[in-house]
Every structure is written in structure tokens, then in C-alpha cells.
Participant: 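Below is one structure. I have some questions about it.
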Amino acid sequence: MFNIVVFGAPGSGKGTQSAKLIERYGIHHISTGEVLRSHMAEGTQLGKTAKEYIDKGQLIPDELMISILADIIENHPEAANGVIFDGFPRTIPQAEALNELLEKRGAQLDAVVGLEVADNELIDRMIKRGQQTGRADDNPQTISNRLKVYHSQTQPLRDYYMKRGKYHAIAGSGSVDDIFDAITAELDDLHLASRRQGL
């Protein structure tokens, strides 16, 4: 299994780069944001609970996110070759829970791709995205809250993964293809090594 986390602030391009990485490495994509938005659209109890937090720009509680992730992994056989985790983990307790989930499957986290983008560019990107897609959480007030939450609660994961030798810092500004080339320059050898271990 080749398991990677695509990490970065809201608007850093995690979804865009994840889509390209799926094609390159043939692994399953888990976007916790997409899962939550789907539940909200369907009006499920999980969706209603998630909406209360998302509308305020807050993170979903750790226990809830961990249970969602465990359910997804256990019920998606296509995840057998590995997973791209997009939008998870967002806190250190979530990172530790992910390590446990992977260990139970005889796997590990191979790499964390950190897309690093300045806040002013992130704000511009999300406002434009909100205008194009109508995403309710892409408005100036919520964006400001989301970035504050990211810097206080999620950014500490950068140091957490750097200390473990897992973090690969990638400049997230520039063309999509240039950013992708920078990511694959970091990951190709790791992917090859994980495939050899699985033989």
C-alpha cells in the first residue's frame, strides 16, 4: 500500500493535486470535505452536525472525523493499493488515530505532501472559487475563520510530520503542472519502494 496525505491550508490546491496523483499512482482518494458535503446535501444527521461546524469555519470534532474515516477505509476495497488522504488529518490526535488505523491494516503513512501558499493568495483563490461554485463556506468571513483555525489547530501537524521525516514541503504557487512535477519528484521513488515491499 502507498498511503499519502495531501496537506495544506484551505484553498491550497489539495483537491486539484489529489486528482492528478490518483491517476499517476492508481490509489484511492478520500476527501473528508467531499464526504461531509455529500452528507449535508442529503440532509443526514451527520450532515446536519457537520454543517453547524463548517458554517462557522470550525473543524469537525476529532472523534467524529475519525469514525467517518474508519468507516470509509473499511468499506472501500479499492483502498487496498493505498489511499490519498485529502483534508485529513487536521489535528495531531487525528494524525495519531490515522497511524493506528493504518497499522491495523499492516500499513503505514508513506509521505505527507505539504502545499505551502501565502494567506493572501489563499483568500483570493477561495473568493474566486466561491463565486464560481457557490460553495457556502467560500465567503470572506468564513474564509478568515477557516485560516485562523488552520494556523492554530492544523499547522502544528507540519512540525509533527517533519520530526518523523514524512513531510515534503512543496511551493503551492504557480501552474498546476509545475506543482505536480515538484510533488512527483518527491514521491516517485517512495512509491517504487512501497511497491517493491509489497511484492
Side-chain angles (χ1 to χ4, degrees), residues 1-34 59 62 65-66 69 72-73 79-103 105-123 125-126 146-147 149-199:
M1 293 179 71
F2 186 54
N3 299 298
I4 60 176
V5 166
V6 179
F7 177 84
S12 59
K14 297 186 295 293
T16 300
Q17 293 300 332
S18 292
K20 293 175 72 68
L21 290 166
I22 293 161
E23 284 187 33
R24 187 172 189 94
Y25 300 125
I27 53 182
H28 184 57
H29 179 219
I30 295 178
S31 166
T32 50
E34 287 178 11
L59 295 184
D62 290 339
M65 285 307 308
I66 291 161
L69 186 70
I72 294 170
I73 291 175
N81 291 330
V83 174
I84 294 176
F85 297 95
D86 167 5
F88 187 94
R90 293 193 178 184
T91 64
I92 288 173
Q94 288 182 9
E96 291 171 344
L98 177 59
N99 291 340
E100 290 179 18
L101 279 172
L102 291 172
E103 284 173 11
R105 295 165 64 87
Q108 65 172 0
L109 184 63
D110 294 286
V112 177
V113 174
L115 297 172
E116 305 196 342
V117 184
D119 278 9
N120 59 342
E121 184 174 343
L122 294 170
I123 291 166
R125 286 184 187 183
M126 285 188 280
R146 289 168 71 195
L147 288 175
V149 169
Y150 170 77
H151 287 305
S152 66
Q153 297 183 40
T154 303
Q155 200 165 24
L157 279 171
R158 186 182 190 277
D159 289 340
Y160 174 88
Y161 282 123
M162 283 190 80
K163 287 174 183 173
R164 287 156 179 77
K166 300 286 186 183
Y167 191 87
H168 300 264
I170 304 292
S173 299
S175 77
V176 170
D177 287 341
D178 285 348
I179 296 166
F180 182 68
D181 288 344
I183 294 171
T184 55
E186 296 280 327
L187 295 188
D188 278 354
D189 286 347
L190 289 171
H191 180 244
L192 187 60
S194 76
R195 290 188 64 186
R196 284 176 177 154
Q197 287 174 2
L199 293 177

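Being a predicted model, the structure only gives us computed values, none of them experimental. Just the heavy atoms: all of them, side chains too, but no hydrogens, waters or symmetry mates, feed the values below.
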Participant: Could you tell me whether the side chain of Tyr167 reaches within less than 4.5 Å of the side chain of Asp159, counting heavy atoms only?
Facilitator: no

Participant: Is there a side-chain contact between Phe7 and Lys14 in this structure, where contact means two heavy atoms from C-beta onward sitting under 4.5 Å apart?
Facilitator: no

Participant: Below 4.5 Å, heavy atoms only, C-beta onward: do Leu21 and Phe180 meet side chain to side chain?
Facilitator: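 The answer is yes; the side chains approach within 4.5 Å.
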
Participant: What's the shortest heavy-atom distance between Ile27 and Ile22, and which atoms?
Facilitator: O-CG2, 3.5 Å

Participant: Identify the heavy atoms of Val5 and Pro89 that sit nearest to each other, and give their distance.
Facilitator: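 That closest heavy-atom pairing would be CG2-CD, 3.8 Å.
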
Participant: Calculate, to the nearest 0.5 Å, the distance between atoms CG and CG belonging to Asn3 and Leu190 respectively.
Facilitator: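 Here the rounded value is 12.0 Å.
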
Participant: Where is the tightest heavy-atom contact between Ser194 and Asp110, given as atom of each residue plus distance?
Facilitator: CB-OD1, 4.3 Å

Participant: To the nearest 0.5 Å, how far apart are CD1 in Ile123 and CZ in Arg146?
Facilitator: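 Spacing of CD1 (Ile123) from CZ (Arg146) equals 11.5 Å.
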
Participant: So does Leu187 get a backbone contact from the side chain of Thr184, meaning a donor-acceptor N/O pair under 3.5 Å?
Facilitator: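 A pair under 3.5 Å: no.
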
Participant: With the side chain counted from C-beta on, respond yes when Leu122 and Pro10 share a heavy-atom pair under 4.5 Å apart, and no when they do not.
Facilitator: no

Participant: Is there any salt bridge (Lys or Arg N to Asp or Glu O under 4.0 Å) pair reaching into residues 172-186, and which pairs are they, with sequence neighbours excluded?
Facilitator: Lys20-Asp177

Participant: Side chains of Asn81 and His28: donor-acceptor distance under 3.5 Å anywhere?
Facilitator: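 Not at all, the side chains of Asn81 and His28 share no donor-acceptor pair under 3.5 Å.
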
Participant: Could you list the donor-acceptor pairs under 3.5 angstrom formed between side-chain atoms of residues 92-102 and any protein atom two or more places apart in sequence or on another chain?
Facilitator:
unit_1, atom_1, unit_2, atom_2, d
Gln94, OE1, Arg90, N, 2.8
Gln94, NE2, Asp62, OD1, 3.0
Asn99, ND2, Tyr160, OH, 3.3

Participant: Within the 4.5 Å heavy-atom criterion, are Met1 and Gln108 side-chain neighbours or not?
Facilitator: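 Not in contact.
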
Participant: CD/Glu121 to CE/Met126 distance, rounded to the nearest 0.5 angstrom?
Facilitator: 10.5 Å

Participant: Compare every heavy atom of Ser173 with every heavy atom of Val117, then report the nearest pair and how far apart it is.
Facilitator: CG1-OG, 4.0 Å

Participant: Within the distance-only criterion (no hydrogens, no angle test), does the side chain of Asp86 pair as donor or acceptor with the backbone N or O of Ser18 below 3.5 angstrom?
Facilitator: no

Participant: Taking atom types as modelled and ignoring hydrogens, do the side chains of His151 and Asp119 form a donor-acceptor contact shorter than 3.5 angstrom?
Facilitator: yes

Participant: What's the shortest heavy-atom distance between Leu147 and Ala9, and which atoms?
Facilitator: CD2-CB, 4.2 Å

Participant: About how many Å separate OG1 of Thr32 and CE of Met65, when rounded to the nearest 0.5 Å?
Facilitator: 4.0 Å

Participant: Going from CD on Glu103 to CG on Leu109, what distance comes out if it is rounded to the nearest 0.5 angstrom?
Facilitator: 11.0 Å

Participant: Let me confirm one number: the CZ-NE2 distance from Arg24 to His191, rounded to the nearest 0.5 Å.
Facilitator: 9.5 Å

Participant: Would you mind reporting whether Val113 and Ile84 have side-chain heavy atoms less than 4.5 Å apart?
Facilitator: no

Participant: Side chains of Leu115 and Gln17: does their closest heavy-atom pair fall under 4.5 Å?
Facilitator: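 The answer is yes, as the side chains (C-beta and beyond) meet within the 4.5 Å cut-off.
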
Participant: Is the Phe2 ring parallel, tilted or perpendicular to the Tyr25 ring (thresholds 30°, 60°)?
Facilitator: perpendicular

